[in-house]
Amino acid sequence: MTIHDWSDFYVAAAGAGAALAGLIIVAMSVNIKTIIDIPGMTSRGATTIASLVLIVIVSFVGLIPVQPLYAYGLENAAAAVVTLVFAVRSARVILARDTTDPKRTKDTRGGAVLKSLLGIVPVALVLIGSLLAVFSVSAGLGVVAAGILACVAASSTNAWVLLVEILR
């Protein structure tokens, strides 16, 4: 498969990523006081927005005409690395808060790890797929697509948390 074969997917992904980013921004503005008061929630929101922007960037890059696979991979890898910085920072905050707070039990440590992975895994998939593309492995396109889908799923979960769960 070539990059061109994925063009319809990229068009749909760009629209979905932009729409979800708007939803997250609205959710955060509606609940901003509560979000700021919960340690780790602002970084989780930032990671979510960064992941959705990554979807849009990867999709736009995939729509650039007549570009070699390695260039596509390099451009996406750069965007994924920047996004991964947000995700790792958020994971560190979540893990520090959830594993050092004496009010939390050992049972919630697994939850902290899952919350952290929710931000890291989708971006890591995009990065891995992009690096495969750098080395002209066409299967990298499928891995990038899996990362995009994972970003949508993780971001939708975080949208729910930012809109509803934090108010419970």
Roughly how far, to the nearest 0.5 Å, is the [atom2] atom of [Y] from the [atom1] atom of [X]?
X      : Y      : atom1 : atom2 : value
Leu69  : Leu132 : CG    : CG    : 9.5 Å
Met28  : Thr48  : CE    : OG1   : 8.0 Å
Glu165 : Thr34  : CD    : OG1   : 13.0 Å
Leu52  : Leu23  : CG    : CG    : 9.0 Å
Leu149 : Leu125 : CG    : CG    : 10.0 Å
Thr83  : Asn76  : OG1   : CG    : 10.0 Å

Would a hydrophobic clustering, with Ile, Leu, Val, Met, Phe, Trp and Tyr connected at side-chain separations under 4.5 Å, put [X] with [Y]?
X      : Y      : answer
Val161 : Leu167 : yes
Ile25  : Val56  : no
Val121 : Val113 : yes
Leu118 : Val152 : no
Ile36  : Phe86  : no

Using only heavy-atom distances, determine whether the side chains of Ser155 and Asn158 contain a donor-acceptor pair under 3.5 Å. no

Heavy atoms from other residues, nucleotides or ligands near CG of Asp5 exceed 12 (cutoff 6.0 Å): yes

For Leu162, which of Ile35, Asn31, Ile32 qualifies under side chain to side chain contact (heavy atoms under 4.5 Å, CB included)? Ile35

With side chain to side chain contact (heavy atoms under 4.5 Å, CB included) as the test, pick out the partner of Tyr72 among Ile64, Thr2, Val134, Leu141. Leu141

Determine the minimum heavy-atom distance between [X] and [Y], stating which atoms define it.
X      : Y      : result
Ala112 : Ile94  : O-CG2, 3.6 Å
Leu117 : Pro122 : O-CD, 3.8 Å
Ser130 : Val144 : N-CG2, 3.6 Å
Gly40  : Val93  : CA-CG1, 3.2 Å
Cys151 : Val123 : SG-N, 4.4 Å
Ala80  : Val126 : CB-CG1, 4.1 Å

Hey, does Phe9 have a side-chain heavy atom less than 4.5 Å from the side chain of Ile148? yes

Tell me if a side-chain donor or acceptor on Ser59 pairs with a main-chain N or O of Ile55 at a distance below 3.5 Å. yes

Ser7 side chain to Leu63 backbone, donor-acceptor under 3.5 Å: no

